[in-house]
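What follows is a single structure, written as structure tokens, with notes after it.
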Amino acid sequence: MSDITGDNSRGRGVFVVTTTTFALATIFVAARLISRFGIVKNKTWDDWFVILAWASPPRRSLFWIIFIAFGLSFSIDYGTSKGLGKQDVHIPQSDLPALHQAEYAFTILYNPALMATKTSILIFYLRMSRNTQNLLRIASYVTLAVVNIAGVVLTFLNVFQCRPVAAAYSPNINGKCMSIVTLFLCSAPVNIITDLAILVLPIPVLTGMRLPQRQKTVLVFAFALGIFVTIVDVVRIYYLQQASADEEIILKPTTTVTSGRLGTGVDFAWNASTALMWSAVEVNIGIICACIPTLKPLIKRILPSMITDQPRMDTHKTVSLGSELRTSDERRNLSAAAPPALSPLPEAQLADPEAEMYMMDFLTTPGMDPATVGDRVARTQTAYTHTTANSTYFGFIDMKRPKSMIKTHGMESFKYCTVVTVLFFLWGFSYGLLNTLNNEIANVTHERTAQTLSLSTAYFGGYLFGPLTVGQWILRCGGFKATFICGLCIYGAGTLMFWPAAVLTSFPGFIICTFVVGFGLSVLETAANPFLALCGPPQYAEYRLLLAQGVQGVGTILSQLLAQKVLFDDFNDNPSLIDVQWAYLAVALFTVILALFFYYMPLPEATDADLQSLAESLSIFPSQTVGSTKLPLIYTTLSLAVFTQFLYVAVQECQSIWFAPLVSSLTLSSRLIIKVSDYALLGRTTYTLGRFLFAHLCLLFPPRLLLLTTIIGGTIFAILTMSLPLDGNGISGPALVFFFFEGPAWPLIFAIGLRGMGRWTKWAASALTAAASGGCVFPFVMFAVQRINHKSIQYSFCVIVALMALGAIFPIYLSIFAEARHQVDPARLPRIGDGREDRDGRSEIPIRKLSRGFGVLFEKIHLGKASQEGLRVEHRERNVDWRGSDASQA
């Protein structure tokens with residue numbers, strides 16, 4: 001037998017940690033048995049059958065969980081006696097068969113143990129939320145399905161990892177095996193997602209409770225363990241990554257998932273021992289978390305003071321749920337006065353002697369009369385989350401209820417817009433990372449140009465489906481906050497999906513996760529862009545959106561710097577996506593925190609009625625038409641805005657993809673001053689500067705004129721980029737200026753197209769966001785020009801020129817038709833006695849004041865009376881056109 005205490009052995013540490021955590025789990029399970037069987041006295045024969053864990057209370061899977069956990073821990077402890085934790089040269093040949101058998105037993109038992117533990121917790125959530133929290137029940141059912149389906153599939157893959165099966169634990173038998181370490185790494189995102197879901201799901205319910213201090217301490221301890229389990233999972237992944245790297249499986253184009261056999265890698269017992277230890281810790285701590293909510297009857301018997309606050313010395317009243325006990329009359333008055341935030345639990349259900357220990361009961365003070373349970377719970381429900389006319393209370397968070405979105409001004413608008421701008425930084429960061437990552441993935445997997453372009457197509461394909469399906473439905477039915485949270489969840493799932501794709505270097509996997517990331521970000525953008533356009537004075541919509549989009553550009557720059565200088569700094573010497581995997585894991589965890597933040601952050605909303613009222617206050621009505629035609633004004637403007645947005649994103653993506661190849665193709669006979677990647681980074685910087693500069697120009701000039709300027713300037717410099725016979729250094733000049741003019745187009749088009757849409761504003765936001773799908777089409781068109789017509793990359797920029805020229809239709813339309821100008825030009829909401837707007841309701845921006853000043857000057861130098869009268873008639877006729885016959889009478 002091998003010695004686990006050798007100088008070069010990790011076996012002793014693995015043995016001690018595994019045994020200690022299993023002993024702690026056993027103590028908590030024993031306490032649960034005493035609580036359930038000895039005190040509550042409620043057990044059934046089907047406690048022994050794991051299959052009943054699907055449809056029964058969590059106590060019925062208890063024995064199965066502990067037996068699996070025992071087998072899991074025993075297999076590791078036994079393995080340490082046979083060489084687990086040692087390097088190959090220190091393991092006797094006679095111990096190898098037993099070591100392989102112990103490792104094989106661990107791989108079989110790990111997923112069932114984890115599945116049973118998580119199932120126990122989730123079914124407890126279902127018991128806790130029965131007939132009350134429908135959202136928690138639905139989410140728990142979904143998570144339960146994911147946990148069990150993934151657990152069953154992974155268990156079968158582990159059992160049949162080799163053909164024949166005996167080859168998995170008998171190296172002398174020839175067989176075809178998959179790499180079990182690679183399989184564990186690929187399944188890591190499922191574990192992390194379900195861990196986070198189990199941790200986050202009850203938080204809205206629990207934070208809504210007002211609890212005694214000692215019960216809060218117990219609650220914090222239980223959730224601290226839950227967070228610890230998630231951290232342990234991440235640590236486990238780190239050591240699995242090391243073991244996988246030592247097996248030389250990751251990121252080898254010629255390697256397949258069937259290239260490795262369990263335990264046959266170099267020093268596998270040494271490298272994998274720590275990962276196996278942390279796997280056992282994850283399971284054992286999970287069991288402890290599952291047992292804690294059932295221990296109240298036992299604690300109430302032996303240590304009642306542990307969960308009961310002492311009465312105050314100055315009164316004889318008992319404190320419970322953060323409030324003093326009242327008489328029955330006071331309780332009835334309190335229950336009637338407070339608006340019910342949650343529907344109370346039925347009394348009969350709580351009085352059921354065979355009912356599982358509910359979270360509500362676990363978190364209340366023991367010793368209450370059962371006859372008052374119904375009244376207590378009804379009172380508790382009103383104490384969870386109570387509202388007043390001016391505030392919303394979430395247990396430990398007391399915040400003012402926000403106004404309607406269209407009524408926010410000043411610092412209030414700034415506060416909310418700043419919070420939402422964090423989302424712009426998030427998807428700017430993701431976009432920049434994906435841009436750099438696509439090129440490196442192409443190098444790792446030896447993809448062709450068409451395959452690299454298809455990654456971009458997948459990303460913007462998500463923009464086509466996300467806003468028109470999930471985005472618009474949640475925005476209309478649930479509001480802006482719900483859309484933010486949903487988009488963050490989808491986006492976080494997409495970033496975690498990148499992990500198995502990177503482990504397997506699977507191109508289809510990269511396509512899928514890129515699509516999901518784009519889908520999630522598009523759902524976010526469906527709400528974020530209109531939120532900024534609407535939250536505050538309407539005349540500054542373009543200004544707010546341009547600033548936020550500038551922050552998005554900053555996120556893109558930072559992510560590209562991170563990718564080029566850190567993640568892919570030594571990529572040519574050591575091609576690996578490991579650093580990117582960890583970066584995406586960090587982003588996924590950040591999205592969970594951000595989603596929780598948005599859940600508790602009170603954000604203003606806007607109903608369709610509010611938005612219609614806003615449009616009518618600006619004298620914009622659905623019945624208005626364009627000029628003498630019968631074309632409806634607001635729908636014509638929206639259609640042209642969507643068309644222009646489609647063209648613009650096509651231009652943006654074409655320029656982003658083909659700029660670096662253009663510079664490289666023109667540098668065959670010369671030398672670049674800086675690297676191509678630095679030129680691309682410089683282009684993104686000028687792109688961002690353009691957004692910040694045009695944001696301030698919106699305070700001086702009408703946005704429609706600025707949009708026309710960006711399109712004309714972009715067209716001119718696109719022509720120069722296509723036609724000038726310069727080398728790579730020279731051609732970068734007009735290309736960088738093109739980036740500058742290109743930057744402000746998206747927010748200008750979005751804000752202009754959204755203005756005046758009334759009750760159709762949310763549908764319009766979805767359509768404008770879906771127009772970003774233009775980025776999935778035209779990069780292939782440029783590629784076709786190069787390959788089919790055998791033209792140079794520089795010549796293919798004629799596609800960008802054509803797209804920019806077509807985009808000029810929209811601002812020209814806005815400038816020609818007076819009705820369109822009235823719709824889209826910034827206007828201050830009319831206020832009695834304000835005096836800061838002119839007679840047609842347009843805001844007094846500096847350019848208008850200057851124009852009015854010139855008019856006064858011309859009058860003083862005695863211009864012709866006819867000219868003055870003509871101007872007044874023209875102005876009066878415009879009023880008739882915009883406001884109807886009543887305007888002239890006014």
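All residue numbers in this chain count up from 1 along the given sequence.
Aromatic ring orientation, Y540 versus Y543: perpendicular (interplanar angle above 60°, classes split at 30° and 60°).
Qualifying side chain to side chain donor-acceptor pair (under 3.5 Å) partners for W760, counting only residues two or more places apart in sequence or in other chains: Y635. Residues meeting the side chain to side chain donor-acceptor pair (under 3.5 Å) test with E525, sequence neighbours left out: Y463, N529. Here E653 pairs with Y431, S456 under the side chain to side chain donor-acceptor pair (under 3.5 Å) rule; sequence neighbours left out.
With contacts defined as side-chain heavy-atom distances shorter than 4.5 Å, the pair I634/T637 does not qualify. Two residues are said to be in side-chain contact when any heavy atoms from C-beta on lie closer than 4.5 Å; N729 and Y679 meet this criterion.
To the nearest 0.5 Å, the span separating CD1 on I793 from OG on S665 amounts to 4.5 Å. Residue L814 holds its CG atom at 9.5 Å from CG of L708, rounded to the nearest 0.5 Å. Distance check, rounded to the nearest 0.5 Å: OG of S796 to CD of Q786 gives 4.0 Å. Between atom CG of residue L534 and atom OH of residue Y416 there is a gap of 15.0 Å, rounded to the nearest 0.5 Å.
Not a single donor-acceptor pair under 3.5 Å links the side chain of D727 to the backbone N or O of T667. Remark: the backbone N or O of F429 is paired with a side-chain donor or acceptor of S559 at under 3.5 angstrom. Looking only at distances, a side-chain donor or acceptor of T457 sits under 3.5 Å from a matching main-chain atom of L453. For the pair Q794 (side chain) and L724 (backbone), a donor-acceptor distance under 3.5 Å is present. Side-chain atoms of T514 never come within 3.5 Å of backbone atoms of L455 as a donor-acceptor pair (strictly under, hydrogens ignored). Between the R755 side chain and the F750 main chain, no donor and acceptor come within less than 3.5 Å of each other.
In terms of heavy atoms, C535 sits closest to S413 at O-OG, 2.7 Å. The two residues A527 and F484 make their nearest non-hydrogen contact at CB-CE2, 3.5 Å.
Taking a 6.0 Å sphere around CZ of F465, one finds it holds 12 or fewer heavy atoms contributed by other residues, nucleotides or ligands. Residue Y813 places its OH atom among more than 12 non-hydrogen atoms of other residues, nucleotides or ligands, all under 6.0 Å distant.
Exactly one of L546, L748, I752 qualifies for a side-chain contact (heavy atoms from CB on, under 4.5 Å) with L706. That residue is L748.
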Contacts under 3.5 angstrom, residues 686-694 side chains, donor-acceptor by atom type, not counting sequence neighbours:
from, atom 1, to, atom 2, distance (Å)
T686, OG1, G683, O, 2.8
T686, OG1, L736, O, 3.2
Y687, OH, Y648, OH, 3.0
Y687, OH, Q652, OE1, 3.0
Y687, OH, R691, NH2, 2.6
T688, OG1, R684, O, 3.0
R691, NE, G743, O, 2.6
R691, NH1, Q549, O, 3.0
R691, NH1, Q549, OE1, 3.1
R691, NH2, G743, O, 3.4

N/O donor-acceptor pairs under 3.5 Å from side chains in residues 714-723, not counting sequence neighbours:
from, atom 1, to, atom 2, distance (Å)
T715, OG1, I711, O, 2.7
T721, OG1, F717, O, 2.7
S723, OG, I719, O, 2.7

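Note on residues 732-749: no pairs pass side chain to side chain donor-acceptor pair (under 3.5 Å), not counting sequence neighbours.
A ring-centre distance under 6.0 Å is found for F498 and F510.
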